[in-house]
There are 2 protein chains.
Amino acid sequence: MLDSETKAVETPEDHAEELRLWLRLLTCTTLIEGEVRGRLRQRFDVTLPRFDLMAQLDKAPDGMTLSDVSKRMMVSNGNVTGLVERLVESGHLDRRTSETDRRVQVIRLTKLGRAEFRRMALEHETWIADLFADLTPKDVRELMRLLAKTKASAQKSAARRRS
Amino acid sequence: MLDSETKAVETPEDHAEELRLWLRLLTCTTLIEGEVRGRLRQRFDVTLPRFDLMAQLDKAPDGMTLSDVSKRMMVSNGNVTGLVERLVESGHLDRRTSETDRRVQVIRLTKLGRAEFRRMALEHETWIADLFADLTPKDVRELMRLLAKTKASAQKSAARRRS
DNA sequence: GGAAAACATTTTAGGCTTAAAGCAATTTGG
DNA sequence: CCAAATTGCTTTAAGCCTAAAATGTTTTCC
């Protein structure tokens with residue numbers, strides 16, 4: 001049997017498996033994301049980022065600040081500014097400056113925005129179910145568990161770098 | 001015990017688990033992708049799409065057509081056109097029209113492009129390994145299996161829609 | 001109280017991305 | 001052979017996205 005040192009010499013840094021895993025993860029996400037994007041556009045003439053932003057706001061009846069949205073969506077501040085601008089323009093969002101802190105903008109879904117989002121979300125959920133249809137409930141549970149572990153690992157690594 | 005019909009009435013369409021799974025998948029990918037993007041920029045002043053394109057070409061010593069690249073990267077044709085333009089400009093790519101079919105553009109890494117990519121890829125691999133560091137080899141295998149199943153399921157669903 | 005730091009957002013410059021339309025070259029099927 | 005369809009790529013218009021700098025506001029802390 002090989003000791004660990006010998007093995008280390010033979011395969012100095014074998015991270016090929018992790019690399020393949022990352023590529024597969026990326027492929028899955030890209031595939032599903034593209035499918036959802038296309039369906040949103042065809043059925044509702046809406047973009048995925050707009051839908052995602054509305055989804056965040058649907059969960060927050062009292063509204064959110066732009067920073068909150070930016071953190072939740074994991075996108076840059078400037079990105080949110082533009083996205084919100086367009087959704088206010090189209091009447092889906094209401095935006096007001098906080099009374100207690102004039103730096104802060106609070107945004108909410110308008111009645112129109114909420115109604116449209118709910119209508120889209122119902123159908124969206126069936127698309128997702130269909131895309132994952134071949135996974136058993138056990139597969140789903142197991143994937144949830146492993147992705148939670150993955151997320152924690154990646155966050156730890158990211159924090160290590162920032163420190 | 002409830003029969004399936006009663007149960008169906010109580011929970012008409014329970015796809016909440018799949019939805020959560022999709023969001024978690026997306027979170028993991030966004031997290032890792034953002035981390036890789038930032039490191040590529042800081043260490044090598046290169047963008048992620050440029051790196052991805054070079055990675056495709058590194059696996060194809062005889063070059064690829066733009067269509068091939070577009071399919072592999074799962075992005076639109078027009079996207080590749082611009083990406084290639086900039087990489088030819090910076091001297092990383094060589095582009096020539098096919099002798100047998102004048103519609104086709106074949107691109108390859110230049111000597112410079114290959115050298116730079118190899119240098120980046122070495123480090124990139126260690127980042128990925130670090131990001132996935134808390135997963136056991138068994139976790140990795142299991143994730144690979146479940147993501148393969150997910151990919152197949154999503155492709156089937158996408159094909160259903162297109163038909 | 002007031003300077004300095006922190007914070008929320010916007011602006012800027014540049015690049016990425018898509019869908020759809022357009023152009024040229026090749027292939028197909030009468 | 002040649003018109004029609006297909007294929008490979010580019011262009012266009014619009015929107016998405018980031019990092020970094022700028023602006024205005026609030027908090028901190030001496």
Side-chain angles (χ1 to χ4, degrees), chain A residues 26 29-31 33-54 63-90 92-93 95-107 162, chain B residues 26 29-31 33-54 63-90 92-93 95-107 162:
Chain A
L26 190 55
T29 300
T30 306
L31 185 59
E33 200 171 45
E35 199 59 25
V36 171
R37 183 198 315 284
R39 296 189 199 204
L40 281 173
R41 187 181 44 73
Q42 286 198 349
R43 283 282 295 132
F44 303 112
D45 193 32
V46 76
T47 66
L48 185 50
R50 276 165 157 91
F51 178 82
D52 286 344
L53 175 41
M54 292 171 82
M64 298 173 81
T65 69
L66 296 203
S67 291
D68 288 345
V69 172
S70 157
K71 273 173 209 128
R72 291 291 196 120
M73 293 181 74
M74 300 196 283
V75 298
S76 66
N77 284 345
N79 189 358
V80 174
T81 296
L83 220 37
V84 167
E85 229 160 51
R86 288 183 288 272
L87 279 165
V88 168
E89 172 67 25
S90 63
H92 294 86
L93 258 56
R95 154 204 241 157
R96 61 186 61 170
T97 303
S98 162
E99 311 250 323
T100 57
D101 185 340
R102 276 181 302 175
R103 287 171 304 182
V104 174
Q105 302 280 321
V106 178
I107 54 176
R162 280 193 304 274
Chain B
L26 190 55
T29 300
T30 306
L31 185 60
E33 200 172 44
E35 199 58 26
V36 171
R37 183 198 315 285
R39 297 190 198 202
L40 281 173
R41 187 182 46 72
Q42 285 198 350
R43 284 282 295 131
F44 302 113
D45 193 34
V46 76
T47 66
L48 185 51
R50 275 165 158 91
F51 178 82
D52 285 344
L53 175 41
M54 292 170 83
M64 298 174 80
T65 69
L66 297 204
S67 291
D68 287 345
V69 172
S70 158
K71 272 173 210 129
R72 290 290 196 124
M73 292 181 73
M74 300 196 283
V75 299
S76 65
N77 284 346
N79 190 355
V80 174
T81 296
L83 220 37
V84 167
E85 229 159 51
R86 289 183 287 270
L87 279 166
V88 168
E89 172 66 24
S90 63
H92 294 86
L93 258 57
R95 155 204 241 157
R96 61 186 62 170
T97 303
S98 161
E99 311 251 323
T100 57
D101 185 340
R102 276 180 302 174
R103 288 171 305 181
V104 174
Q105 302 281 320
V106 178
I107 55 176
R162 280 193 303 274

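Note that the coordinates shown come from a computational prediction; the quantities given were computed from them, not determined experimentally.
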D/dC16 C1' sits how many Å from A/Asp52 CG, rounded? 12 Å
Heavy atoms under 4.0 Å is the rule here; annotate nucleotides 13-19 of chain C 5' to 3' with B where the base is hit, S where only the sugar-phosphate is, and - elsewhere. --SSSBS
Kindly say if A/Arg102 contacts the phosphate of D/dT26, meaning a side-chain N or O under 4.0 Å from OP1 or OP2. yes
Under a 4.5 Å cut-off applied to non-hydrogen side-chain atoms, are B/Thr81 and B/Glu85 in contact? yes
Should we say atom CZ of B/Arg72 is surrounded by more than 12 heavy atoms from elsewhere, each under 6.0 Å from it? no
Do the side chain of B/Arg103 and the base of D/dC9 come within less than 3.5 angstrom through a donor-acceptor pair of N or O atoms? no
Send over the distance from A/Glu85 CD to D/dC17 P, rounded to a whole Å. 15 Å
Please report, rounded to the nearest Å, how far the P atom of D/dA19 is from the CG atom of B/Asp45. 13 Å
Take the protein atom CG of B/Asp101 and the nucleotide atom P of D/dT6, then report the distance between them rounded to whole Å. 17 Å
C/dT9 OP1/OP2 closer than 4.0 Å to side-chain N/O of A/Ser67: yes
Distance in angstrom units between A/Glu99 CD and D/dT26 P, rounded: 12 Å
Between A/Ile107 and A/Leu66, is any pair of side-chain heavy atoms under 4.5 Å apart? yes
Could you tell me how far apart B/Glu33 (CD) and D/dC17 (P) are, to the nearest whole angstrom? 11 Å
Min side-chain heavy-atom separation B/Arg41-B/Arg37 under 4.5 Å: no
Over all strands shown, is A/Thr65 touching base, sugar-phosphate only, or nothing at heavy-atom distances under 4.0 angstrom? sugar-phosphate
Mind checking side-chain hydrogen bond (donor to acceptor under 3.5 Å, both in side chains) for B/Ser76 and listing every partner two or more places apart, or none if nothing turns up? none
Heavy-atom closest pair, residues A/Val75 and A/Ser70: O-OG, 2.8 Å
A/Arg103 meets the side-chain hydrogen bond (donor to acceptor under 3.5 Å, both in side chains) criterion, sequence neighbours left out, with A/Asp101
Provide, to the nearest angstrom, the distance between the CD atom belonging to A/Gln105 and the C1' atom belonging to D/dT25. 12 Å
Whole-Å gap separating P (D/dA19) and CG (B/Leu40): 12 Å
